[in-house]
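Only one structure is covered here, and it is reproduced in the block below.
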Amino acid sequence: MTPRDVRLFYRLMNMHCVDVAPLVSQGLDHELPRAERIAVALHLGICRSCRRYRRQLLLLRSVLAHLGPEVETPPVCLNSTLPPEAREQIKRALQSQNS
Amino acid sequence: MSGIPGGHDEYRMRIPADRYQALLSRMNEPTTRATGVTPPLDPDGWVDRHGDVLYRYALLRLRDPETSAELVQETFLEAYRTRDAFAGRSTERTWLTAILRHRIIDHLRREQRHRSVPLPDDESRAAISSTFFDSHGRWKKPPADWGGRPEALLEAREFWAIVESCLGRLPNTLSTTFWLREIDGLSGEEVCVAAGISQANLWARLHRARLLLRHCLEKHWFEGGHEESTTGHDRKTQDAPGNDA
């Protein structure tokens with residue numbers, strides 16, 4: 001092993017929650033490099049908090065999927081509707097396209 | 001225009017299978033499924049039928065009513081101009097939403113150019129770290145137990161109100177990129193290109209957004225007493241290593 005390998009190894013073996021949390025997050029978006037993947041797995045093995053964090057991020061993701069563009073009528077409670085003036089303006093603009 | 005941006009396949013797998021089937025069939029009707037014939041577009045009814053949904057779509061992502069109304073108008077006009085290109089591969093709404101989404105991305109890109117340089121990664125990393133982690137690198141407030149029945153959440157109206165409220169609290173610098181990635185399902189690469197940011201910057205933003213959102217949700221929903229009771233649930237075995245996905 002080169003000194004660089006040793007330093008990297010040491011760094012990965014000494015990861016704390018603050019270092020692991022961003023990697024857990026990143027792992028949701030793409031596959032982590034092997035060394036990071038192993039380090040995260042090791043940390044998760046001994047840390048209940050970070051295990052929960054990961055589980056909760058996954059839950060969050062599946063919850064947010066229900067707001068996605070594939071959903072025709074999203075379950076949102078926002079009562080916002082297109083303001084009447086804007087609605088009329090758009091209709092007028094569309095009609096003038098017609099003529 | 002296919003409607004679903006690349007990188008969505010991985011995203012799709014996270015939606016429960018029965019829900020996904022339901023969504024898919026809703027999305028495919030009422031176009032070619034029944035008759036094999038493309039129904040004619042009906043621009044006169046567009047504003048009434050789709051105006052509110054599109055407006056909400058924009059408002060959730062932009063937080064600004066005026067800009068949202070503006071982009072909705074641009075969407076309808078562009079859709080009208082290009083209506084001959086609508087091949088009927090998706091529903092009217094999906095098509096209109098896709099146009100709106102591109103408008104939002106363009107808007108975002110324009111905004112990005114005028115905004116001041118975002119915080120260097122080091123500074124923002126330090127800030128987020130000290131908010132959630134102590135000097136030893138451990139959670140200041142460890143994630144709480146959210147109980148054993150996440151599916152029950154989806155049925156609760158108040159839960160969605162809180163989700164929406166928490167999403168609304170995300171700082172603007174995080175909000176749009178988070179939406180594009182997490183909710184619209186754009187790939188990391190697509191979001192980077194759309195927002196004009198580096199990959200490292202994107203990951204930093206997503207990390208912060210997720211920390212904030214999770215924290216907000218925990219505080220307002222799970223600690224607000226809405227959580228289903230987990231008595232009778234053996235917490236010890238639930239959290240033992242190896243029990244998690």
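Protein chains get the first letters and strands the later ones, always in sequence-line order, with residue 1 at the start of each.
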For [X], is it the side chain, the backbone, both, or neither that has a heavy atom closer than 4.5 Å to a heavy atom of chain A?
X: B:Asp48; answer: both
X: B:Leu217; answer: side chain
X: B:Val47; answer: both
X: B:Leu167; answer: side chain
X: B:Phe159; answer: side chain
X: B:Ala58; answer: neither

Checklist entry - Under a 4.5 Å heavy-atom cutoff, which of B:His136, B:Arg81, B:Arg138, B:His207 has the most pairs with chain A? => result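 Sorted descending by pairs with chain A, the first entry is B:His207.
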
Next on the checklist: As an exercise: rank B:Ala144, B:Ser165, B:Pro143 by heavy-atom pairs under 4.5 Å with chain A and give me the winner.
Outcome noted: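 The answer is B:Pro143.
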
Item to check | Most contacts with chain B, counted as non-hydrogen pairs under 4.5 angstrom, among A:Asp19, A:Leu82, A:Val24 | outcome: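 Greatest number of close heavy-atom pairs with chain B: A:Leu82.
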
Next on the checklist: Out of A:Pro22, A:Ala86, A:Cys47, return the one with the most heavy atom pairs under 4.5 angstrom to chain B.
Outcome noted: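 With the most close heavy-atom pairs to chain B, the winner is A:Pro22.
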
Distance from [X] atom [atom1] to [Y] atom [atom2], nearest 0.5 Å?
X: B:Lys140; Y: A:Cys17; atom1: NZ; atom2: SG; answer: 13.5 Å
X: A:His16; Y: B:Ser129; atom1: NE2; atom2: OG; answer: 12.0 Å
X: A:Gln95; Y: B:Tyr80; atom1: CD; atom2: OH; answer: 10.0 Å
X: B:Asp145; Y: A:Arg55; atom1: CG; atom2: CZ; answer: 7.0 Å
X: A:Leu23; Y: B:Trp203; atom1: CG; atom2: CH2; answer: 10.0 Å
X: B:Leu213; Y: A:Leu60; atom1: CG; atom2: CG; answer: 4.5 Å

Using side-chain heavy atoms (C-beta onward) and a distance below 4.5 Å, is [X] in contact with [Y]?
X: A:Ile90; Y: B:Tyr55; answer: no
X: B:Phe132; Y: A:Val18; answer: no
X: B:Trp146; Y: A:Leu59; answer: yes

Item to check | Other residues, nucleotides, ligands: >12 heavy atoms within 6.0 Å of A:Glu88 CD | outcome: yes

Item to check | Heavy-atom closest contact (A:Val63 atom, B:Trp160 atom, distance) | outcome: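 Where A:Val63 meets B:Trp160 most closely, the heavy atoms are O-CH2, 3.4 Å.
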
Item to check | Sidechain N-carboxylate O distance under 4.0 Å for B:Arg210, A:Asp29 | outcome: yes

Item to check | With A:Arg37 via salt bridge (charged side-chain N to carboxylate O under 4.0 Å, His left out) - residues at least two apart | outcome: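 Applying salt bridge (charged side-chain N to carboxylate O under 4.0 Å, His left out) to A:Arg37 gives A:Glu31.
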
Next on the checklist: According to ring-ring contact (aromatic ring centres under 6.0 Å, His included), who are the partners of B:Trp139, at least two apart in sequence or on a separate chain?
Outcome noted: A:Tyr53, B:Phe133

Checklist outcome for this item: Within residues 67-75 of chain B, the residues sitting under 4.5 Å from chain A by heavy atom, in sequence order, are B:Ala69, B:Val72, B:Gln73

Next on the checklist: Tell me every residue that passes side-chain hydrogen bond (donor to acceptor under 3.5 Å, both in side chains) with A:Gln56, counting only those two or more places apart in sequence or in another chain.
Outcome noted: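 Partners of A:Gln56 by the side-chain hydrogen bond (donor to acceptor under 3.5 Å, both in side chains) criterion, ordered by chain and then number, come out as B:Arg214.
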
Item to check | Working for side-chain contact (heavy atoms from CB on, under 4.5 Å), residues B:Leu206 and A:Gln26 | outcome: CA-CA 8 Å; B:Leu206 293 179; A:Gln26 229 180 289; over 6 Å; no

